[in-house]
There are 2 protein chains.
Amino acid sequence: MMGGWEEVRAEVLRRIRAREWVPGAVIPGEEALAVEFGVARATVNRALRELAEAGLLERRRKAGTRVALLPVRKATLEISIIRQEVEARGEVYAHRVLESRMEGVPLAVALRMGVPVGVGMLFLETLHLAGGRPFAHEVRWLNVGVLPGGAVPDFSVTSANEWLVQNVAYATGDIAFSAEAASGAEAAALGISAGDPVFVTERVTWTAEAPITFVRLLHGPGYRLRTMV
Amino acid sequence: MMGGWEEVRAEVLRRIRAREWVPGAVIPGEEALAVEFGVARATVNRALRELAEAGLLERRRKAGTRVALLPVRKATLEISIIRQEVEARGEVYAHRVLESRMEGVPLAVALRMGVPVGVGMLFLETLHLAGGRPFAHEVRWLNVGVLPGGAVPDFSVTSANEWLVQNVAYATGDIAFSAEAASGAEAAALGISAGDPVFVTERVTWTAEAPITFVRLLHGPGYRLRTMV
DNA sequence: GAGTGGTCTAGACCACCAC
DNA sequence: TGGTGGTCTAGACCACTCT
């Protein structure tokens with residue numbers, strides 16, 4: 001007899017890894033497993049659902065549950081604010097606003113945000129520092145028209161990154177990671193050489209059909225984004 | 001009255017976004033919400049648990065459920081085999097094995113895999129092609145001693161990437177993404193210039209305490225890794 | 001049509017931890 | 001120590017989809 005759903009999940013995982021249940025094969029139904037493990041069907045369901053969400057099982061009504069043939073594993077990335085990320089490394093965080101002005105969005109940004117070219121937004125350029133050294137360079141367009149409260153806060157106190165998380169949080173977003181060569185201005189801000197590879201994170205954030213912000217974040221050489229599977 | 005847990009989740013999410021429940025505030029308990037929504041407590045539990053896993057709520061016994069103050073959002077990355085990734089773009093996949101020989105692991109790899117320097121492993125260098133053009137360059141060390149079956153298959157037919165997923169699948173792993181400058185050899189393989197930025201994916205895979213493989217995957221300029229929140 | 005997973009319910013017990 | 005979330009159960013109905 002197994003106790004809870006975690007034990008059931010562990011045992012099912014063991015059988016998959018040990019190839020007692022091979023990829024593509026149908027495994028016993030929930031009812032059968034519930035009897036075998038001496039638990040309720042809901043407990044088996046919880047265990048199998050978690051494994052299916054992780055990509056190891058494929059479940060279909062009537063067809064039953066199979067071990068995934070070509071599993072598409074899901075890794076989770078934790079997206080926190082930059083201050084937390086820096087402080088988690090045991091370093092002191094600071095930020096400097098390099099630019100802050102109203103400006104019409106260029107084509108590339110308009111396409112990403114799904115707004116017409118030239119719409120007036122707040123353009124912000126910020127440098128994030130870890131222990132006094134450049135950590136990340138941020139370029140952001142902020143759709144101030146849809147901001148809650150109406151007034152635009154002073155981002156030199158609380159960074160836009162953090163202010164948005166606290167005030168426009170819980171929005172949906174689209175994130176893309178890539179590698180690019182630093183432009184002259186970007187390199188200067190980060191204290192590296194032009195052409196050096198930078199790790200780029202671009203994100204569009206939406207709330208209820210309205211685009212809130214587009215942000216482009218550059219991390220210099222040495223930055224690594226990690227996760228586990 | 002709301003029907004299922006998805007409706008409950010949607011309504012709770014709406015209240016959070018509408019700031020009816022502000023960050024840091026304790027929301028009503030499961031029992032109260034169950035009564036309000038006209039569902040069983042288990043249904044409310046399911047809805048709140050999902051929101052907590054997404055990082056929007058913080059739940060603690062006795063203390064209750066709060067709207068997260070500084071939410072650490074979780075984005076999920078889908079890790080599929082390279083052939084699937086290429087074919088999903090509507091392009092024809094192919095791969096070429098450039099190198100395949102036994103070799104002692106260098107220090108950097110030994111440290112990553114947690115094995116002594118110089119342990120003999122199979123060194124593999126593979127080029128993945130999409131529509132005939134270089135798509136990714138793969139360098140891999142394979143711990144053949146712990147492979148199931150014992151015999152090493154012919155990776156020119158099925159790439160090591162795919163063979164491992166099918167035969168040593170469901171292992172745990174550690175993944176890191178970064179941006180680097182392509183070395184001369186790497187650039188030549190990918191058909192780019194030395195020093196061009198490349199998107200690097202490094203992964204160590206383990207099964208039951210034994211490291212199976214270390215792989216370093218390089219994607220040329222233009223590659224983007226995308227996800228949603 | 002029938003078998004499987006998906007979900008809901010009402011009740012229960014327990015672990016944790018703030019008070 | 002009491003209140004809250006975490007989980008389990010037994011039973012039920014339903015939705016989907018394979019045959």
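Labels below follow one simple rule: chain letters A, B, ... track the order of the sequence lines, proteins then strands, and each chain is numbered from 1. Being a predicted model, the structure only gives us computed values, none of them experimental.
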(message) For DNA chain D, please output the secondary structure as dot-bracket, reading 5' to 3'. Pairs are Watson-Crick or G-U wobble, both atom distances under 3.5 Å; mark crossing pairs with [ ], other-strand partners with |, unpaired with a dot.
(response) ||||||||||||||||||.
(message) Distance check needed: C/dG6 C1' versus A/E31 CD, whole Å only.
(response) 14 Å
(request) Write down the distance between CG (B/L33) and P (D/dG5), rounded to a whole number of angstrom. (result) 9 Å
(request) For A/E30 and D/dG11, give me the distance from atom CD to atom P, rounded to whole Å. (result) 16 Å
(request) Please identify each residue that fulfils salt bridge (Lys or Arg N to Asp or Glu O under 4.0 Å) with B/R133, with sequence neighbours left out. (result) B/E91
(message) In whole Å, I'd like the distance from the CD atom of A/E53 to the P atom of C/dG5.
(response) 16 Å
(request) List for me each residue that meets salt bridge (Lys or Arg N to Asp or Glu O under 4.0 Å) alongside A/E138, sequence neighbours excluded, and say none if there are none. (result) A/R140
(request) Report the distance from atom CD of A/E7 to atom P of D/dT7, rounded to the nearest whole Å. (result) 13 Å
(request) Applying ring pair (Phe, Tyr, Trp, His ring centres under 6.0 Å), name anything that partners A/W163, two or more places apart in sequence or on another chain. (result) A/F155
(request) Taking the side chain as every heavy atom from C-beta outward, state whether A/V115 and A/M121 have any pair of such atoms under 4.5 Å apart. (result) yes
(message) Please enumerate all residues that pass side-chain contact (heavy atoms from CB on, under 4.5 Å) together with A/E125, with sequence neighbours excluded.
(response) A/L98, A/E99, A/F123, A/H137, A/V139
(message) Run the salt bridge (Lys or Arg N to Asp or Glu O under 4.0 Å) test against B/R224 and tell me which residues pass, sequence neighbours left out.
(response) A/E202
(request) Residues of residues 58-68 of chain A with any non-hydrogen atom less than 4.0 angstrom from an atom of DNA chain D: list those, numerically ordered, please. (result) A/R60, A/R61, A/K62, A/A63
(message) Please enumerate all residues that pass salt bridge (Lys or Arg N to Asp or Glu O under 4.0 Å) together with A/R59, with sequence neighbours excluded.
(response) A/E30
(message) Contact list please: residues 41-52 of chain A against DNA chain D, heavy atoms, distance less than 4.0 Å, in numerical order.
(response) A/R41, A/A42, A/T43, A/R46
(message) Under the rule for ring pair (Phe, Tyr, Trp, His ring centres under 6.0 Å), what residues qualify as partners of B/W21, not counting sequence neighbours?
(response) none
(request) State whether the side chain of A/N143 and the backbone N or O of A/T213 hold a donor-acceptor pair below 3.5 Å, judged by distance alone. (result) no
(request) Identify, with sequence neighbours excluded, every residue that meets side-chain contact (heavy atoms from CB on, under 4.5 Å) alongside B/T201. (result) B/I175, B/F177, B/F199, B/L217
(request) Please state how far atom CH2 in B/W5 lies from atom P in D/dC14, giving the value in whole angstrom units. (result) 21 Å
(message) Could you work out, with ring pair (Phe, Tyr, Trp, His ring centres under 6.0 Å) as the rule, every residue matching A/H219, not counting sequence neighbours?
(response) A/F135, A/Y223
